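Just so you know, these numbers come straight off a predicted model, no measurement behind them. Counting starts at 1 for both ligands and their atoms, following the listed order.
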Amino acid sequence: MSGLFITMEGTDGAGKTTQLSLLKDYLNKKGFNVVLVREPGGTNIGEKIRSIILDIENKEMNCMTEALLYASSRAQLVNQVIVPELKNGSVVICDRFVDSSIVYQGIARNIGMDIVKKINNIATGGLIPDITFFLDLPPNKAIERKKEQKELDRLESEKDYFYKKVYEGYKILIDKNSERIKVIDALQTIDEIHKNIINHLEKIFF
Ligand code: TYD
């Protein structure tokens, strides 16, 4: 495939949204055709699945149901958008991808990394990002930021220990994928974080 597949990961509140739009603008200015999508969601079907997953009313949701719903949304996104765009030579930036499922469902929800990997291999056909940025925000800071938010979705309303498990999960995953996943200190200013991301991209791809 001729395009470039970039994903952005992090715990809730790490500042991904701001960085994603800065990155998109930067790449657009460089002349690339850039497609920015989010997970869960990014397609009509995926957005419907997203609303089921994040609905605060769905407290009884089984963790395997949750893992399969994330994978379903992902299967649709990969086949409808990501793969066709990469074949067209676009830069695809995805707000979260399989790494989120490995960490949130596999590790924090205790389903197991291997099972989650298998489900997602089926969903994605084995697609792996060319590069992944992890915005590293220590859990105590994430919890502080969460307290400032007014409305929390089902995942955000999890207890504080869940945030810690997610963070530790990312650290395990990063250890195993240190070539692909670049760790960015999310306590820096918005501008510094953006420059760090660009530096990595320029070193490797441009
Ligand atoms: P979202 O509002 O997009 O959060 P954020 O801005 O932090 O990305 O909600 C996505 C939530 O779903 C978030 O809490 C992380 C979680 N998630 C998983 O548990 N597994 C997954 O595979 C993905 C993609 C997200």
Side-chain angles (χ1 to χ4, degrees), residues 5-24 36-43 45-56 58-59 61-78 81-82 92-113 115-124 127-129 132-137 139 141-170 172-173 181 184 186 193:
F5 184 28
I6 304 171
T7 60
M8 188 87 74
E9 295 284 343
T11 50
D12 297 74
K16 284 187 289 98
T17 312
T18 311
Q19 291 304 325
L20 286 162
S21 78
L22 288 173
L23 181 58
K24 182 174 191 291
L36 172 59
V37 281
R38 71 166 176 183
E39 283 215 340
T43 61
I45 293 170
E47 290 296 324
K48 287 182 186 163
I49 297 171
R50 177 186 175 90
S51 62
I52 299 172
I53 299 176
L54 299 182
D55 189 343
I56 193 97
N58 286 338
K59 295 226 185 298
M61 190 180 292
N62 173 267
C63 58
M64 186 55 81
T65 310
E66 184 182 283
L68 290 167
L69 283 173
Y70 278 113
S72 303
S73 167
R74 186 165 294 133
Q76 189 64 33
L77 184 64
V78 165
V81 182
I82 300 178
V92 177
I93 313 174
C94 196
D95 181 356
R96 301 190 179 280
F97 196 58
V98 176
D99 294 329
S100 282
S101 280
I102 292 175
V103 169
Y104 281 77
Q105 282 66 52
I107 299 174
R109 295 266 197 240
N110 269 323
I111 292 180
M113 290 173 81
I115 294 181
V116 174
K117 271 191 206 158
K118 276 186 198 147
I119 296 169
N120 278 281
N121 256 334
I122 298 168
T124 65
L127 182 69
I128 299 171
T132 299
F133 295 104
F134 172 67
L135 295 193
D136 187 341
L137 182 73
K141 294 281 173 196
I143 291 162
E144 266 172 38
R145 288 188 190 179
K146 179 177 77 160
K147 287 187 182 130
E148 289 160 16
Q149 248 178 287
K150 284 195 199 81
E151 280 189 37
L152 301 177
D153 65 37
R154 195 174 59 86
L155 273 282
E156 285 164 343
S157 65
E158 284 290 343
K159 303 263 179 313
D160 293 352
Y161 81 86
F162 185 77
Y163 275 64
K164 292 194 180 111
K165 275 177 95 173
V166 166
Y167 185 75
E168 285 158 16
Y170 270 119
I172 295 170
L173 191 72
I181 307 179
I184 310 286
I193 296 173

- [ ] Give a yes or no on whether Ile128 atom CD1 has more than 12 heavy-atom contacts from other residues, nucleotides or ligands under 6.0 Å away.
- [x] no

TODO: Could you point out which residue of Lys16, Arg38, Arg50, Lys24 forms a salt bridge (charged side-chain N to carboxylate O under 4.0 Å, His left out) with Asp95?
DONE: Lys16

Task: Passing candidate, side chain to side chain donor-acceptor pair (under 3.5 Å) with Tyr104, options Glu158, Glu66, Arg96 - done: Arg96

Task: Nearest-neighbour protein heavy atom for atom 22 (O) of ligand 1, which is reported as residue plus atom name and distance - done: Ser101 OG, 2.5 Å

- [ ] Measure from atom 9 (O) of ligand 1 to every heavy atom in Leu155, Ile53, Thr17, Leu54 and give the option owning the shortest one.
- [x] Leu54

- [ ] Identify, for atom 10 (C) of ligand 1, the protein heavy atom at the shortest distance, and state residue, atom and that distance.
- [x] Pro40 CD, 4.0 Å

Open item on the list: Looking at every non-hydrogen atom in both residues, tell me the closest pair between Gly42 and Val37 and how far apart they are.
Closed with: O-CG1, 4.3 Å

TODO: Measure the distance from atom 7 (O) of ligand 1 to every protein heavy atom, then report the residue, atom name and distance (to 0.1 Å) of the closest one.
DONE: Arg96 NH2, 3.0 Å

Open item on the list: Keeping Gln76 on the side-chain end and Ser73 on the backbone end, is there a donor-acceptor pair under 3.5 Å?
Closed with: no

TODO: Considering heavy atoms of the protein only, find what lies nearest to atom 1 (P) of ligand 1 and give residue, atom and distance to 0.1 Å.
DONE: Arg50 NH2, 3.5 Å

TODO: Indicate whether any N or O donor in one side chain lies under 3.5 Å from an N or O acceptor in the other, for Tyr170 and Glu9.
DONE: yes

TODO: Starting from atom 20 (N) of ligand 1, locate the nearest protein heavy atom and write down its residue, its atom name and how far away it is, to 0.1 Å.
DONE: Gln105 OE1, 2.8 Å

Task: Protein contact to atom 24 (C) of ligand 1 [nearest heavy atom, distance to 0.1 Å] - done: Arg74 NH2, 3.4 Å

TODO: For atom 6 (O) of ligand 1, find the nearest protein heavy atom and state the residue, atom name and distance (0.1 Å precision).
DONE: Lys16 NZ, 3.8 Å

Task: atom 12 (O) of ligand 1: the protein heavy-atom neighbour that sits closest, reported with distance to 0.1 Å - done: Tyr70 OH, 2.8 Å

TODO: Could you tell me how the ring of Phe134 sits relative to the ring of Tyr167: parallel (under 30°), tilted (30 to 60°) or perpendicular (over 60°)?
DONE: tilted

Task: For atom 13 (C) of ligand 1, the option (of Thr11, Thr7, Asp12) bearing the nearest heavy atom - done: Asp12

